[in-house]
There are 2 protein chains.
Amino acid sequence: MKVMRAVNTKQCAPIIYALLQLIIFYAGLNAVKGVWPLPHALTSSVEQYPLNPQTFAFDYGKHSATQQGCSLLDAAFRRYFSLIFPDYTAENGQLEVAANNSFNLYSSTDHNDCENYPNDDSSERYNLSVSAGQASLNAATVWGILRGLETFSQLVYQDDLGSYFVNETFIEDFPRFQFRGVLLDTSRHYLPVHAILKTLDAMSYSKFNVFHWHIVDDPSFPYQSRSFPELSKKGAFHPATHVYTQSDVRRVISYARMRGIRVLPEFDSPGHTGSWGKGQSDLLTPCYKGGAPSEVTSVFPDSYIHLGGDEVDFSCWRSNPHVRAFMQKMGFGGDFPKLEAFYIENIVNITSANNKTSIVWQDVFDYHERRSALSVVEVWKHGCYLCKVRQVTKAGLRVILASPWYLDLPGPTHNWARYYTVWPLAFPGSEKQKRLVIGGEVCMWGEYVDATNLFPKLWPRASAAAERLWSDEKQTSSVEKAFPRLEDFRCKLLRRGIQAGPLNVGHCKHEYQGV
Amino acid sequence: MKVMRAVNTKQCAPIIYALLQLIIFYAGLNAVKGVWPLPHALTSSVEQYPLNPQTFAFDYGKHSATQQGCSLLDAAFRRYFSLIFPDYTAENGQLEVAANNSFNLYSSTDHNDCENYPNDDSSERYNLSVSAGQASLNAATVWGILRGLETFSQLVYQDDLGSYFVNETFIEDFPRFQFRGVLLDTSRHYLPVHAILKTLDAMSYSKFNVFHWHIVDDPSFPYQSRSFPELSKKGAFHPATHVYTQSDVRRVISYARMRGIRVLPEFDSPGHTGSWGKGQSDLLTPCYKGGAPSEVTSVFPDSYIHLGGDEVDFSCWRSNPHVRAFMQKMGFGGDFPKLEAFYIENIVNITSANNKTSIVWQDVFDYHERRSALSVVEVWKHGCYLCKVRQVTKAGLRVILASPWYLDLPGPTHNWARYYTVWPLAFPGSEKQKRLVIGGEVCMWGEYVDATNLFPKLWPRASAAAERLWSDEKQTSSVEKAFPRLEDFRCKLLRRGIQAGPLNVGHCKHEYQGV
């Protein structure tokens, strides 16, 4: 019996859908409940193939541009082997091997981009076909292969006896938005490096591709700068235990790259610099142009850099006679927004000169007169955020949307539907304007968040946003349909050791065991 | 220099207090920030004594009724040794031992109650004096010693080099309320046994003394009954992995006893029994009197038992012709509250016949006409809960207050002050009425709580309630004064491996390392 099941229900007559449900019910299948985020086109059948960890193998397609020795994919194969066969260890691996039981997953890429970093024009598109005895995963780039491996790993399931199966499946998939970020704030509370790495793991399970590292802010300066070591020595909560060394930063960037995730650093200024002055009191004027930006551009490989620019408190500048004198000299009078614009324009120019694209918080757009100097604006304020998206795209600038995804805000942790029912393009505007919305971002500010509560606050609520950013909006507009699939995905996260919070009364076969 | 510092600031002239602050400041002391919950009378000086793990010893006082071989205290000494010297292991223990550096803590009790269970009349009062080379801890019972050991462990601190110190201190302490509980709900989500044990650890750090085990409810029946094994076989989320075996239950009771914590089981009925019917459809009428109550009274040693009685949905009874016929026979007509009262009265009587004191939720009090049959009422509804406390105590019944401490409710996790600023006796009533308020309870219902988020939701917010229930209200009425002490206590919890959530921006010397 082999029946194809289209996931896009709009293409299914209800009666056929009901029949298929019946067939699946009577077949008694312990079938996979779904993939999260939902692929753009997925068809699967009740035809199931056993997978045996001893005869399962990842391999490269004959004509693939990447071959064995591509360390990024070799490592991904090892990682996904453990994720696909969580019960398999060398000790219990002495099962009888049936020769006809072998299964190969062949990955093929068009390009050999093993050594690259993912960037804003990286393709993540992939095709996956799973049929008798083998699966084929094709993509232009290694990044597409990573996304396809994640999807494949979610298709595999276990029956009550622990045997592994995968159903016949065909998938064509690609992201709806290029920029799908998670912001962590490591200034208000210090997050241990392994909490960041675990977040990167969980991000890859939901196909997020940008880690926005809000690394410093008023409360502490944990970034150990090569140019300005005093900044963390005096500005960190503790100069030895609460810092990110250059080696830590390299580790995070490398770990992220292996998972197809960009690291977007933010050195927020001219506001939110309370911790800077402790170590480098003369930093903001004479030094800033000299060392910091070029260090940042050399340490962080991504072509984007986040310059901050939010919540500037003019009263501080107003109190400073040197600042006021400078303003007189420049002809700004008492117009502090003009001074701020001057400041931002300068660092945007420095950033451009370093071949980087700068992102700024929407405050800069709001204050700025010469907006054409800007490139990407992150919309974060509440209220009618789509009005702002419309306004920024009308000015021809790119937008990253964060307003509806402030997951750190007080509120019930099970309110995932609030983050699911966000429509980033539901504003009146041209097609060109819509294309300027390059993506969105989940923000986890650190006022009341540290390693003790980060994971159940972030997951699986961030996954709700992830589906909005990756999947086809029309296929994923129903909270009711999404709920059982998200519940299932949350159990997968628990199985993988991610402390994802509960959505409602219920249970997972494998509960979180980390306490 | 030796200056006594009274914690009760009302006894200090402000100028002396300021002077002492100065002295402490100039002495550069890395002094202990406080004990949580605050002892009733505490004086300490800047005189500090080094503690060396190699020469520190717990011992029994010469005239103590308990002596070596009292397994409860012997085990407590081992436990608190590790808590007091967290960095000390056999490996790093090869420090030079100075002979004049020895320090003994002598514990003395009036009674030898090593083998007992704590109960509702157990004294927890203790006196602790810490002076040169030794400390004395005196109490009527082993339970008082346990509380004093916790206090002593919080008095010890480390300097920047890792050396341990304790200051000269004199403490007289006792609980304000006898009943200081934490409710966990293991029906809406299953909590692994080690999550319960870890909760008992954390409870002992805040001097809670009752674990209210809301063990079964509508969603699942995880209690593996000897009399009715079908209940968990069919009513648990999973009959093998999501159950509490008799051995699990014994382990929880024993672990709790070792920490001076009573285990109060709740088998909520006649509402909230959705999961019972799955395994024992005839349970509620012919069987209930036969097996379940006597099993429960023999398995759970505490003299209290919680009978539930909340949120009864009469529409179910109304739909049943047998129930309606029974009501006619009894002359209740269509008065369902009468039927409910009849039911509750019967199980209260059975409970009394088993020499147990029954607790019921306030719904029973509200419906009941013959209230004199009741003994302890737990007030849980919102609104003017003190009005209800007044009403129940006026009827001569004892009260446990839960309304203001529903910590599972959606809301910011850092709102500890809401749980701190509760005044359980601030209702108009006689002294006799006030004495009927036997305590309070923190409730962690399980709709959106499981092992992934239990700890940062519960701690340190439950500790705020713990201080209200243990300490003198007049000395602990200021949120501002409590804040730095609670922040410090939260860091202690982290150091002990309890995943306590952050209260605000900041850091702990030892961050949570459990991710």
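Throughout, a chain's letter reflects where its sequence line sits, starting with A, and its residues are numbered from 1.
The number of heavy-atom neighbours closer than 6.0 Å to CZ of R496(B), taken from other residues, nucleotides and ligands shown, is above 12.
Closest approach of H189(B) to G506(A), counting heavy atoms only: CD2-O, 2.9 Å. Across A451(A) and Y512(B), no two heavy atoms sit closer than the pair O-CD2, 4.0 Å.
Under a 3.5 Å cut-off, the side chain of Q499(B) and the backbone N or O of T452(A) do form a donor-acceptor pair.
Ring-plane geometry between H242(B) and H507(A) is classed as perpendicular, the angle between the planes exceeding 60 degrees on a 0 to 90 degree scale with a lower cut at 30.
The part of E511(A) that comes within reach of chain B is its side chain, from C-beta onward, which places non-hydrogen atoms under 4.5 angstrom from that chain. For chain B, the nearby part of L494(A) is the side chain; its heavy atoms alone come within less than 4.5 Å.
Heavy-atom pairs under 4.5 Å with chain B were tallied for A500(A), G446(A), P219(A); the largest tally goes to A500(A).
Note that CZ of F237(B) and SG of C508(A) are 10.0 Å apart. Values are rounded to the nearest 0.5 Å.
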